[in-house]
Protein chains: 2
Amino acid sequence: MNLDKKVEVFKSLQETLSAFGVARSLLNWDMSTGGSKKGMNYRAKTIGIFTMKAFEITTSEAMKSCLDVLGANLDELDEITRRMYVLHKKEYEKIIKIPKEEARAYAELQAKSQIIWEEAKEAQDYSMFKDILGEIIDYQKKFVEYRGYEAHPYNPLLDDYEEGMTVEILDEYFENLKNSIVPLLKDITATELPYNTSFLTKSFPIEKQKEFCIQLMEDLGFDYDAGEVKESVHPFTNGMNINDVRLTVRYFENLMTSSLFSAAHEGGHAIYEQKIDEKLEFTGLDTGVSSGIHESQSRMYENIICRSKAFWTYYYPTLVSYFPEELKDVTVDDFYAGINRVENSFIRVEADELTYSLHIIIRYEIEKAIMTDEVTVDELPSLWNAKYKEYLGLDVPNDELGILQDVHWSFGLFGYFPTYSIGSAYGSQFAHYLKEAVDFDGDLEKGNYKNVNEWLHKHIHQYGSLKTPEEIIVAATGKRFDSKYYVEYLTNKYKSLYNL
Amino acid sequence: MNLDKKVEVFKSLQETLSAFGVARSLLNWDMSTGGSKKGMNYRAKTIGIFTMKAFEITTSEAMKSCLDVLGANLDELDEITRRMYVLHKKEYEKIIKIPKEEARAYAELQAKSQIIWEEAKEAQDYSMFKDILGEIIDYQKKFVEYRGYEAHPYNPLLDDYEEGMTVEILDEYFENLKNSIVPLLKDITATELPYNTSFLTKSFPIEKQKEFCIQLMEDLGFDYDAGEVKESVHPFTNGMNINDVRLTVRYFENLMTSSLFSAAHEGGHAIYEQKIDEKLEFTGLDTGVSSGIHESQSRMYENIICRSKAFWTYYYPTLVSYFPEELKDVTVDDFYAGINRVENSFIRVEADELTYSLHIIIRYEIEKAIMTDEVTVDELPSLWNAKYKEYLGLDVPNDELGILQDVHWSFGLFGYFPTYSIGSAYGSQFAHYLKEAVDFDGDLEKGNYKNVNEWLHKHIHQYGSLKTPEEIIVAATGKRFDSKYYVEYLTNKYKSLYNL
């Protein structure tokens, strides 16, 4: 069979995988956004069938034969096909090394584990979760051994969510971050913010919040002809196709700003997915390239744009027009200070921009220790609590607010947490060069988001998964990833806000 | 390989087909109910992939081998597996006899044909559509020859939509119907209805119509925890799973009763799908068995229940509570007469219960003539118009109101129309025996639908596709299908209404 023919087969396998992906996305969307209550079981079963069929295709003889032929002719492939090859080859090598029986047993364990985690969290009792977490960790370590690794056993897990990410890079990154944030935070907690931020917990009618968030996302660039917005308990974005990107927001009557920034955050994810080049449809490259790059875009819109002074200089009157009564005594300076107020807290997902990365550093250091057997499952809570004391000065009162707060480990998501922080850091690096090319503050002060969107589209969004995270960063900024931009951004922003 | 193992493979092939079916249903649902505008192309492409993959499975070597082994051991199969075998075997034999190239060319023709039909209808010009319709008909005839048939070339097409249906059965059925309806209709059109039916075209606020229809469907038995109701231009029901049955209604401000009965009609389809036994999930038998049986249930709820005097005796005050102003001078007798008024008209989908079957008889006679070469495509409009004159006394003014009114032929749906009428006739036969078992009028007059629903569930709904249409009818009524029940029902109802 000649190469062209083989490429055709390869692409048709991918089209089928893409179709299965669409089906799973749709079913998940229905599950999370109010599809028929009694339909949960059949949806879970159908998703299971698609997952299994996708696994069969990914590891099939047909796929292997395509990979062999394409791999021997890499120079003759166009850019898209070559990148498709690289990602499939990687996935194939990863899966094929893990014995099927163990993969199946692990999948069953994952399903059980989430339920046990929920029960343990509810009961605030880590001891209920400890044993199954130990089993999950054992599998993770075994799988890493099967797969093989360079330098550090944590590396393959980091690479699963952030292509090319290593302990070496992250150690340096988190060290720099810690060295600047921890002292800054000490100064901040000793300072009183000279603004009235009592509006933060006042009551704002939900219906008005919805209307405002819909307009905000439209103004930021979300295309309602190529997507949909609904409500759910945990906000998420589901990019089932470039022209069909769905997101959810959750609204709290007494935490309006939380609703607003969840909308801006998911809006950022969604705009990224909508702006991917259509030529990548059905290639498997038509989605954001990594968790980190994705998070860089959600946090670009949430934080760098929507928590900036320049943004609210123009947009605050719009917000006030939705809530004239509620905001009548709140100045734009009060508002800006309120949405950027720093507060040490136990819960990652409620953290402000500055302390957020400390929550991540803690998880990163713990995961690394787990992978090198420096901590046992029994010791995890005390390690957790010690680190919260050290970095955030907090005494963790119970397991629910401590070691049990995140769902991730219950389904074996080790290596994922760092992408949350890395995403913010990527975002700052992008923003640094974006601000060199575009009059960022000037544009935002005029309510003009066109130039910003165009820069992001040109340097990041359009590529989907065609380039690696590192390729995107280097092409957009001329530099490899560097923590200094994020440190600089945080230091400047918070020193200025707190008059330090 | 032993039989058990083979049955397992067979069932797993079916599970995959069921999953593909769910995916296609979901995508279709999105396309018809306001999913992202720009997402039309990717959805069509994804549906195409699933259709192709399903075709591959249905005609695969794996399937053939299952069918061979199961077919040689029919006595050892349980009821569900045997029925699954019968339906798959039939499908396999049908598809496998048609050369792949011709099937593909025909599929392309179908896609083109619908667009041309739309243009021709818009232009009221049959000559634009004639040639491609001729090609479609030629394919249909060729396919029937490939497949082979007994007695009449129209039979395989009838059987496609109504298992076991033949020209012999339909000839007798339609003859009986015609002989009773045509003279009755002559008497009716010579009679003035002594009621005020001007409310039929008055304005009723759409929002109130929606609220009423939602309540009506709930009262009739639709389970909102196992389904969803939206709006669309062409009402339809999409039973993607027993626990996820979705339907649409369309609302007209100046045709409230049309909205109402489209809700009752689709509600009937949906209740049938929701009440299928859960043990049939993922067997391919978890859907209504045929178009005729399905239509018997939609028309059971729409006509036999919701156009009855007994129903409105109880339910009319509820309707009035939604529209107190609009209905203040309309008595329940006026209302009952209005919703059952007979009127000769050109358009099938707007026809009343009595004239409806005449529209179907015309299509049946024309399709039969097509399949036996008794009419050419050139002659179709004049044949159509002559029959409308003969049976309904109408002069068809143009092709849009005549030969071009239905979409069916444009995608090769020959043999489908009869199921619309047969469904009503099945429904009357069911109703006859239902009324022997249940105090039908007494229950409806008390707003009690429980006994009626239970009877329908027990005799029809639960089986899904486990039994053939004929098996269901014989088991439920003790008799084979007989046109006399429908003739009796129509004659009694309309003689009484028109005092004849």
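Protein chains get the first letters and strands the later ones, always in sequence-line order, with residue 1 at the start of each.
Both the backbone and the side chain of A:Tyr42 come within less than 4.5 Å of a heavy atom of chain B. Using a 4.5 Å cut-off between heavy atoms, A:Phe282 contacts chain B through its side chain alone, with no backbone atom that close. Contacts between A:Asn41 and chain B at a heavy-atom distance below 4.5 Å are absent for every atom of the residue. Residue A:Arg24 does not touch chain B at all, counting heavy-atom pairs closer than 4.5 Å.
Salt-bridge check for B:Glu61 with B:Lys64: failed, with every basic side-chain N at 4.0 Å or more from each acidic carboxylate O. The existence of a salt bridge linking B:Glu108 and B:Lys112 is excluded, since no basic side-chain nitrogen approaches an acidic carboxylate oxygen closer than 4.0 Å.
Side-chain contact annotation: B:Glu266 with B:Ser262, donor-acceptor N/O pair under 3.5 Å absent. Side chains of B:Glu273 and B:Thr287: a donor on one and an acceptor on the other come within 3.5 Å. For the 3.5 Å distance criterion, the side chains of A:Ser259 and A:Lys210 fail to qualify, holding no donor opposite an acceptor.
A side-chain donor-acceptor contact under 3.5 Å links B:Asp78 to the backbone of B:Thr81.
Interface remark: of the candidates B:Ala226, B:Gly227, B:Ala23, B:Ala226 forms the most heavy-atom pairs closer than 4.5 Å to chain A. Contact tally against chain B (heavy-atom pairs below 4.5 Å) for A:Lys45, A:Arg43, A:Met240, A:Met40: the top residue is A:Lys45. Each of B:Glu228, B:Met52, B:Lys53 has some count of heavy-atom pairs under 4.5 Å with chain A, and the biggest count is that of B:Lys53.
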